[in-house]
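Below: one structure, written as structure tokens.
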Amino acid sequence: MSEPPAFTRREFLTSTLAMVSTVTSVPTFLSRSAAALADTTMRTASRPGVPEDRVLVVVQLSGGNDGLNTVIPFGEPAYYRARPQLALPEKSVLPVDRGRGIGLHPSLAQLRSMMEEGLASVVQGVGYPNPNRSHFASMDVWHTGDTTGRGGHGHGWIGQALDAEQAKGTPRSGMECICLGAEAPLAAQGRKVRPVAFERADLFRWIGRDLHPALDAAYDALHQAGPAGDEEHDPAAFVFRTACDAQVASQRVRKAVAARPATSFPSGELANQLRMVASMIRAELPTRVYYVAMGGFDTHANQAGQHERLLREFAQAMHAFYRELEASGHSQRVLSLAFSEFGRRVQQNASGGTDHGTAGPMFLFGPRIRPGLLGNHPSLDRLDQGDLIHQVDFRSIYAAVLEQWMQVDSAAALGARYKPAQILRV
């Protein structure tokens, strides 16, 4: 019988991070150490022509945002016929393009002010061919860019973009992508690059210190001793190095998040997540992508009040985030995009809500975007089985972000070449 091949550092990293990304019951020490694997210098190398200081922030609006009551075609009689109770009266709509009869939900006042300042845009009618109305299937499509139903073979568009960066020789920091939440989204999963994920910065640490003084002493002794051998060939040495790197990453994240913001943030989960992101950006962590999420958009019943609250929370959080970035001098570095897995049906349902639909708006934020309303609103007179027909393929948005902002080969991330949408001022 032949001997099994040696268990290399690369294989250990791949298998361990895969386990951490998919299993929630992994012991905290192992999961935090592996997921936060970072170069001890916590820096990226500077390479000519590559904007390594640019940051992408992805905001996931989970549940399926009702785009028709977000970007409102108040000039269309069909809108009021389809939604006798849910339609917003024209007098309450925030007009953006009176000539075409299009405006925003009144809760989006701060988003409209950002549009007027040149800091926000709304891409109308974003979707994909042969849309899927399942939350899980459609979210997988948006996370992977794969509309075939294969789920991107377990890898997301962000993760594969960061894989492509590593393949070019970019030194790894172990913190290329940070996700705020209980689990890292599929979008952030790469073949080699895996995200760091946590809900609260104070939990991003080894919890042995809280259990017994002996564990605390042993942990400190481990770091003082250092690796015992060649970590490329010795799994034990690699574990030592991984733990050391995790400690460095944990300390920097917790120190960054603990710093007081220069401005104020409203209450709410999204605002709190963006406050932490702003702090980490100000601390200049070597992170290229941050991923946050806000839920509650599955408004099948009693939609009006719930949707109003959600849109206000979203607009206020994004407004506060860019005020903070401006105060800290980092706004030029940051591009944000917000998406939802699908829109809602044109016709309201009998429960005062809307059911799963297809196309919807996508939002972009930052000084480098083309501000205002982009594209044409989907027709309400020409529908596909009661749904809006998409005008813009979301993968063209991704392609523009990857090619023009991050300067990464979009085909490597999306599996095919898509013409970049005209969303940025390049």
Side-chain angles (χ1 to χ4, degrees), residues 32 35-44 51-61 110 114 119-120 158 162 173-185 187-188 195-207 245-294 313-338 363-368 405-406:
R32 296 310 185 199
L37 181 63
D39 183 87
T40 53
T41 63
M42 301 300 292
R43 298 186 182 92
T44 54
E52 291 175 335
D53 63 333
R54 290 183 181 178
V55 174
L56 172 65
V57 178
V58 179
V59 182
Q60 178 176 304
L61 306 177
Q110 288 183 310
M114 293 181 72
L119 289 173
I158 295 170
L162 296 174
S173 70
M175 300 179 67
E176 288 82 2
C177 179
I178 291 180
C179 307
L180 299 184
E183 295 182 4
V196 173
F198 57 86
E199 287 185 278
R200 290 166 40 194
D202 61 323
L203 295 180
F204 181 41
R205 60 190 176 87
W206 185 55
I207 62 172
D245 290 342
Q247 186 182 44
V248 173
S250 170
Q251 290 171 344
R252 285 202 65 178
V253 166
R254 287 185 287 115
K255 181 179 179 181
V257 171
R260 294 189 55 152
T263 61
S264 61
F265 278 77
S267 60
E269 181 181 2
L270 180 61
N272 186 53
Q273 291 179 352
L274 290 174
R275 178 190 59 78
M276 289 192 285
V277 170
S279 295
M280 289 185 279
I281 291 173
R282 182 174 62 179
E284 298 187 352
L285 297 187
T287 302
R288 298 209 67 192
V289 182
Y290 292 93
Y291 200 105
V292 299
M294 174 183 177
E313 183 178 337
F314 169 60
Q316 291 179 346
M318 296 307 304
H319 183 266
F321 179 53
Y322 273 89
R323 294 292 85 81
E324 175 68 16
L325 292 176
E326 289 172 358
S328 66
H330 291 278
S331 64
Q332 294 291 331
R333 297 177 54 208
V334 183
L335 170 70
S336 302
L337 68 85
F363 305 89
L364 295 158
F365 301 89
R368 295 288 297 277
W405 181 253
M406 300 183 72

Any Ile178 side-chain heavy atom under 4.5 Å of Pro195 side chain
no
Going from OH on Tyr290 to SG on Cys179, what distance comes out if it is rounded to the nearest 0.5 angstrom?
11.0 Å
Nearest heavy-atom contact between Glu313 and Leu270 is OE2-N, 3.8 Å
Does NZ or CZ of Arg368 come closer than 6.0 Å to the centre of the six-membered ring of Trp405, within 45° of the ring's axis?
no
Search all heavy atoms of Ala188 against all heavy atoms of Ile158 and return the closest pair with its distance.
CA-CB, 4.2 Å
Report yes if some heavy atom in the side chain of Glu324 is under 4.5 Å from a heavy atom in the side chain of Arg282; otherwise report no.
yes
Roughly how far, to the nearest 0.5 Å, is CE of Met294 from CD of Gln273?
10.0 Å
Assess the side chains of Glu326 and Ser331: does a donor N or O sit below 3.5 Å from an acceptor N or O?
no
Is the shortest heavy-atom distance from the side chain of Phe198 to the side chain of Leu180 under 4.5 Å?
yes
Using side-chain contact (heavy atoms from CB on, under 4.5 Å), reason through Leu61 and Val59 one step at a time and then give a plain yes or no.
CA-CA 6 Å; Leu61 306 177; Val59 182; 4.0 Å; yes
So how far is it from Met114 CE to Phe365 CZ, rounded to the nearest 0.5 Å?
5.5 Å
Can you check whether Thr287 reaches Val55 side chain to side chain, under 4.5 Å on heavy atoms?
no
CZ on Arg254 to CE on Met280, rounded to 0.5 Å
13.0 Å
Distance in Å, Arg200 CZ paired with Asn272 CG, rounded so as to fall on 0.5 Å steps
10.5 Å
Drop me the distance from Asp53's CG to Glu284's CD, to the nearest 0.5 angstrom.
9.0 Å
Side chains of Val253 and Met175 in contact at under 4.5 Å (non-hydrogen atoms)
yes
State, to 0.1 Å, how close Met318 and Ser336 come at their nearest heavy-atom pair, and which atoms those are.
CE-CB, 4.0 Å
Are Val289 and Glu176 side-chain neighbours, meaning at least one heavy-atom pair lies under 4.5 Å?
no
In short, Ile281 meets Arg333 closest at the heavy-atom pair O-NH1, 3.5 Å
Can you confirm whether Phe321 sits close enough to Val57 that some side-chain heavy atom of one is under 4.5 Å from a side-chain heavy atom of the other?
yes
Least distance between heavy atoms, Leu119 atom then Pro367 atom
CD2-N, 3.7 Å
Distance-minimising heavy-atom pair for Ala259 and Ser279:
O-OG, 3.9 Å
Tell me, do Arg252 and Leu285 make a side-chain contact under 4.5 Å, heavy atoms counted?
yes
